Amino acid sequence: MPKMRAVQVSRPGGPFEIVEREIPEPGPGSIRVKVEACGICHSDSLTKEGNYPGVTFPRVPGHEVIGVVHSVGPGVAAWKTGERVGLGWNGGYCGYCESCRQGDFFACRTATYVTGITSDGGYADYAIARAEAAARVPEGLSAVDAAPLMCAGLTTYNCLRNSGARPGQVVAVLGLGGLGHLAVQFAAKMGFKTIAIARGQDKSSLALTLGASQYIDTRAQNPAEELQKLGGAKVILATVTAADAMEAAIGGLGVNGTLMIIGAVGSLTVPSLLLLRGRQSVKGWYSGTSIDSQDTLEFSVQSGVRSMNEVLPLEKVNEGYDRMMKGAARFRVVLTTGN
Ligand SMILES: [Zn+2]
Ligand SMILES: [Zn+2]
């Protein structure tokens with residue numbers, strides 16, 4: 001049997017092991033993807049540490065996967081070998097439950113498929129995916145460029161386009177890391193008056209280069225007051241994973257404004273009186289399904305939005321993962337297989 005390389009975790013909290021495995025065969029409704037690149041996402045730590053319900057071991061992480069369809073299982077009408085595809089967090093859905101029939105495929109009630117959690121992900125030469133979980137990758141995007149768009153890009157793009165903000169309105173992006181540096185670009189390209197909020201003056205020029213019209217340094221300025229000077233934000237997109245940073249900014253919402261949360265924090269204290277006086281809301285956003293990823297990729301080609309990446313070969317997974325966990329990466333780490 002032909003073999004492949006895979007980076008697996010054998011137990012919760014265990015190390016990455018580079019192992020040789022048999023190349024898996026796609027079952028009914030599935031495809032085999034020859035992986036070219038896979039981004040490292042903070043959520044991969046859920047796999048590594050065993051902190052996600054239903055994760056079993058050994059498991060190969062990775063849900064920012066770009067590659068080529070290498071083999072098609074029985075009953076797959078959507079894909080042919082050789083087509084470029086991307087795989088994200090959502091690993092598929094049943095299509096017949098009530099959520100799916102309402103169009104809320106992300107909330108499928110009968111099937112909880114998560115790439116790199118319930119099935120092996122993209123830290124490998126090949127990955128198996130359900131056909132409906134694959135997104136078409138347009139020409140004009142390299143595998144390395146496309147990979148981080150499958151989670152970091154998808155989450156920020158899909159959140160912004162569903163946020164209710166209209167062109168010209170104030171949209172603040174809280175945090176300027178892997179998610180935030182994409183969110184600022186998307187928000188600016190969507191025509192929002194884009195305000196970047198982060199810590200430290202050193203990020204100011206980057207924020208403006210990415211398309212922000214103003215930068216708020218929370219070490220020197222009060223973000224809520226600064227946003228109120230602009231009339232209040234229609235949307236604050238919180239990409240950070242710190243509750244205190246969100247709490248410091250939420251007072252910057254305008255009338256009917258929404259704090260959109262895509263970074264998980266344990267719990268958050270919100271000023272209820274302010275919320276009800278301004279008819280404001282706090283909302284979480286699920287990244288999206290394969291069609292949302294596909295739209296993200298298309299929009300990125302059309303508008304020139306790109307992730308800034310550090311690229312490492314698969315064998316250097318430890319180095320890449322450590323840089324991501326320490327917040328040292330500028331701004332996403334992408335593993336390449338050489339395939
Ligand atoms: Zn992710
Ligand atoms: Zn369903």
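Atoms within a ligand are numbered from 1 in the order they appear, just like the ligands themselves. Keep in mind that this is a model prediction, so the values were computed, not measured.
Around the CZ atom of Phe57, the shell of radius 6.0 Å holds more than 12 heavy atoms that belong to other residues, nucleotides or ligands.
A donor-acceptor contact shorter than 3.5 Å links the side chain of Ser99 to the backbone of Ala107.
Between Glu98 and Arg101 no salt bridge is recorded (no basic side-chain N to carboxylate O distance below 4.0 Å). For Asp120 and Arg59, the salt-bridge test passes: some basic side-chain N is under 4.0 Å from an acidic carboxylate O. A salt bridge links Glu25 with Arg32: at least one charged nitrogen is closer than 4.0 Å to a carboxylate oxygen.
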Which atom pairs, one a donor and one an acceptor, fall under 3.5 Å between side chains of residues 149-156 and the rest of the protein, sequence neighbours left out?
| unit_1 | atom_1 | unit_2 | atom_2 | d |
| --- | --- | --- | --- | --- |
| Thr155 | OG1 | Cys151 | O | 2.6 |
| Thr156 | OG1 | Ala152 | O | 2.9 |
| Thr156 | OG1 | Gly153 | O | 3.1 |

Distance-only check: which donor-acceptor pairs under 3.5 Å involve side-chain atoms of residues 178-195, not counting sequence neighbours?
| unit_1 | atom_1 | unit_2 | atom_2 | d |
| --- | --- | --- | --- | --- |
| His181 | ND1 | Gly177 | O | 3.1 |
| His181 | ND1 | Gly178 | O | 3.0 |
| His181 | NE2 | Met308 | N | 2.9 |
| Gln185 | OE1 | Arg306 | N | 3.1 |
| Gln185 | NE2 | His181 | O | 3.1 |
| Gln185 | NE2 | Arg306 | O | 2.8 |
| Lys189 | NZ | Ser303 | O | 3.3 |
| Thr194 | OG1 | Ala188 | N | 3.2 |
| Thr194 | OG1 | Phe192 | O | 3.0 |

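Between Tyr321 and Phe16, the two ring planes are perpendicular [angle over 60°; tilted spans 30° to 60°].
Here the Zn ion (ligand 1) has protein N, O or S atoms under 2.8 Å from it, and they come to 3.
In summary, the side chains of Tyr286 and Asn90 do present a donor paired with an acceptor at a separation below 3.5 Å, with no hydrogens or angles considered.
Excluding waters, the protein N/O/S atoms found under 2.8 Å from the Zn ion (ligand 2) are Cys94 SG, Cys97 SG, Cys100 SG, Cys108 SG.
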